[in-house]
2 protein chains.
Amino acid sequence: MEYQEAKDKFISTWGSLGTLWGINKAMAQIQSLLFISTKPLSMEEIMEELKISRGNTSMNLRQLMDWGIVTKELVPGERKEFFTTEKDVQELARHIAKERSRREIKPVIKILKDVSSIKDDGTEKTKELIKQTKALHDLAETADTMMNKIVNQEHNWITKSLLKLIK
Amino acid sequence: MEYQEAKDKFISTWGSLGTLWGINKAMAQIQSLLFISTKPLSMEEIMEELKISRGNTSMNLRQLMDWGIVTKELVPGERKEFFTTEKDVQELARHIAKERSRREIKPVIKILKDVSSIKDDGTEKTKELIKQTKALHDLAETADTMMNKIVNQEHNWITKSLLKLIK
DNA sequence: CTAAACTTTCAATAATTATTGAAAGTTTAT
DNA sequence: ATAAACTTTCAATAATTATTGAAAGTTTAG
């Protein structure tokens, strides 16, 4: 496999995996392109490489910046803006995990808590609703906590030793 | 909040979260409904409760069965089929994690491995592509392994003690 | 065997989501 | 101040994905 083929394969694969971490295709592809680029890219270059419109590029770059994984770079002497992505995978994972947790998981946990806290009227169906949503709440909270702690590397040595034991 | 409101809220919230675990809205809603039901439900009952068509119900129930989280139940004396979902959240999480890994994560890991294994022609851009995709490959593989092991509870005591340390 | 009860399939359609491109907006150089 | 260089916005449109419903298929009771 040659460079160009490998590059295209990477961008399209990582792009289609976007759904998995909750972003759209164009967004994921732009991030992929920046991730393997050896230098900051301009909007022009991104449009050209990915064959997408100016508007699309602009909107998706903005979203990537909102996620905190792409930043503007000022190149001296250049009028236009250049963009780079976080190059460290650990750091990238941290940002993504944090954002997903904040945007999607935390709000759901809140609703599960509310639903599981309704008054028990003694009927079987209410008991079941409370029991099941409570179980889901606990699971979601544990998963969210673990993910964040692991990814934040606040307990790096634990993670490392866990991995040794687990593998 | 009364039973009906709480139930509707749960079904619509959990339904919209479907994207997070990679399934569509109707599928997630059917699963939610079964998850808090005190008895197996027929297709008729599901259609009625969720206001969706027979075809849609049939197709999505099939998919849920493919995922291994819904099963047909035969009720003696009844001609029609009844459905139940896995009621244990741990078991549910196990199935979901396993399926997502198999369907989405494993294939991507494979491609990352291929891409990161291209011949190093000495150019800077090739070196960068190899370096970055290799880092992503290692991260994805570690995350996938951890998730599966944890969710499979093969090392339950480790998970438990980890949680104590981490929380 | 065959009619009723039930389920599945799938082409048509609807709903949702992504993308374009051109006009409006902003910044910088002179 | 103004014109060129560049970016953003957003209504229109395209692409994708989900849903319907009716016909075809299957199973069971008698």
Side-chain angles (χ1 to χ4, degrees), chain A residues 11-34 40-67 70-85 103-104, chain B residues 11-34 40-67 70-84 100 103-104:
Chain A
I11 290 171
S12 83
T13 304
W14 204 241
S16 68
L17 196 71
T19 57
L20 203 140
W21 44 291
I23 69 174
N24 74 33
K25 206 182 77 187
M27 226 175 124
Q29 291 190 155
I30 294 172
Q31 198 278 329
S32 306
L33 181 63
L34 294 173
L41 299 179
S42 68
M43 218 162 83
E44 214 70 42
E45 292 170 305
I46 295 169
M47 288 166 60
E48 159 75 15
E49 283 264 15
L50 302 177
K51 309 266 182 272
I52 59 177
S53 72
R54 188 174 297 283
N56 201 3
T57 308
S58 171
M59 286 170 117
N60 286 109
L61 275 171
R62 143 94 83 133
Q63 283 204 75
L64 285 163
M65 289 186 284
D66 289 348
W67 272 73
V70 162
T71 45
K72 274 187 190 161
E73 195 99 341
L74 287 180
V75 173
E78 284 276 12
R79 181 88 167 260
K80 52 169 153 307
E81 296 170 328
F82 287 78
F83 301 88
T84 42
T85 190
R103 294 170 193 228
E104 300 181 75
Chain B
I11 290 171
S12 83
T13 304
W14 205 240
S16 67
L17 196 71
T19 55
L20 203 139
W21 43 292
I23 69 174
N24 75 31
K25 206 182 78 187
M27 225 173 124
Q29 289 188 349
I30 293 172
Q31 200 277 330
S32 306
L33 182 63
L34 294 173
L41 299 179
S42 67
M43 218 161 84
E44 213 69 43
E45 291 170 307
I46 295 168
M47 288 167 59
E48 160 74 15
E49 283 264 14
L50 302 177
K51 308 265 183 272
I52 59 177
S53 72
R54 189 173 298 281
N56 201 4
T57 308
S58 171
M59 287 171 116
N60 285 108
L61 275 171
R62 145 94 82 137
Q63 283 204 75
L64 284 164
M65 288 186 284
D66 288 347
W67 271 73
V70 162
T71 45
K72 273 187 191 161
E73 195 99 342
L74 287 180
V75 173
E78 284 277 11
R79 181 89 166 258
K80 52 170 155 304
E81 296 171 328
F82 288 78
F83 301 88
T84 43
R100 280 217 101 177
R103 294 171 193 228
E104 301 182 74

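These numbers were taken from a predicted model, which means no experiment stands behind them. Here is the naming used below: chain letters follow the sequence lines, and residue numbers restart at 1 for every chain.
Nearest heavy-atom pair, B:Lys72 versus B:Phe83, reported as atom, atom and distance to 0.1 Å: CG-CE2, 3.6 Å. Minimum interatomic distance between A:Trp67 and A:Gly22 (heavy atoms only, all atoms of both residues): CZ2-O, 4.1 Å. The two residues B:Pro40 and B:Glu73 come nearest to each other via the heavy atoms CG-CG, 4.0 Å. Closest approach of A:Val70 and A:Leu61 over heavy atoms only: CG1-CD2, 4.2 Å.
Distance CD1 (A:Ile46) to C1' (C:dT20): 17 Å, rounded to an integer number of Å. Atom CZ in A:Arg62 sits about 17 Å away from atom P in C:dA18, given to the nearest Å. Here C:dT20 presents its C1' atom at 15 Å from CG of A:Leu50, a figure rounded to the nearest Å. The nearest whole Å value for the distance from the CG atom in A:Asn60 to the P atom in C:dA18 is 9 Å. Taking atom CE of A:Met59 as the reference point, atom P of D:dA12 lies 15 Å away to the nearest angstrom. Rounded to an integer number of Å, the gap from B:Leu64 CG to C:dT8 P is 13 Å. Atoms CG (B:Leu61) and P (C:dT9) sit 13 Å apart, rounded to a whole Å. Rounded to whole Å, the distance from CD on A:Glu45 to P on D:dC6 is 12 Å.
In this structure, A:Glu81 reaches the sugar-phosphate backbone alone: every heavy-atom distance under 4.0 Å involves primed, P, OP1 or OP2 atoms, never a base. Across all strands, B:Asn56 comes closer than 4.0 Å to base atoms (heavy-atom distances).
With hydrogens and angles ignored, the 3.5 Å screen pairs a side-chain donor or acceptor of B:Glu45 with a backbone N or O of B:Ser42.
With D:dT8, D:dC10, C:dT9 as the choices, the nucleotide that has an atom nearest any side-chain atom of A:Ser58 turns out to be D:dT8. Comparing D:dT19, D:dC6, D:dT27 against the side chain of B:Lys25 picks out D:dT19 as the nearest. The side chain of B:Met43 has C:dT8 as its nearest neighbour among C:dT20, C:dT8, C:dC6. Nearest nucleotide to the side chain of B:Ser53, out of C:dA18, D:dT19, C:dA4: D:dT19.
The base-pairing partner of C:dT26, taking Watson-Crick or G-U wobble contacts with both distances under 3.5 Å, is D:dA5. A 3.5 Å limit on both hydrogen-bonding distances identifies D:dT19 as the Watson-Crick or G-U partner of C:dA12.
Ranked by how close their nearest DNA chain D nucleotide is to the 5' end, B:Arg79 and A:Glu44 are led by A:Glu44.
One cannot find a donor-acceptor pair under 3.5 Å joining the base of C:dT8 and the side-chain atoms of B:Arg54.
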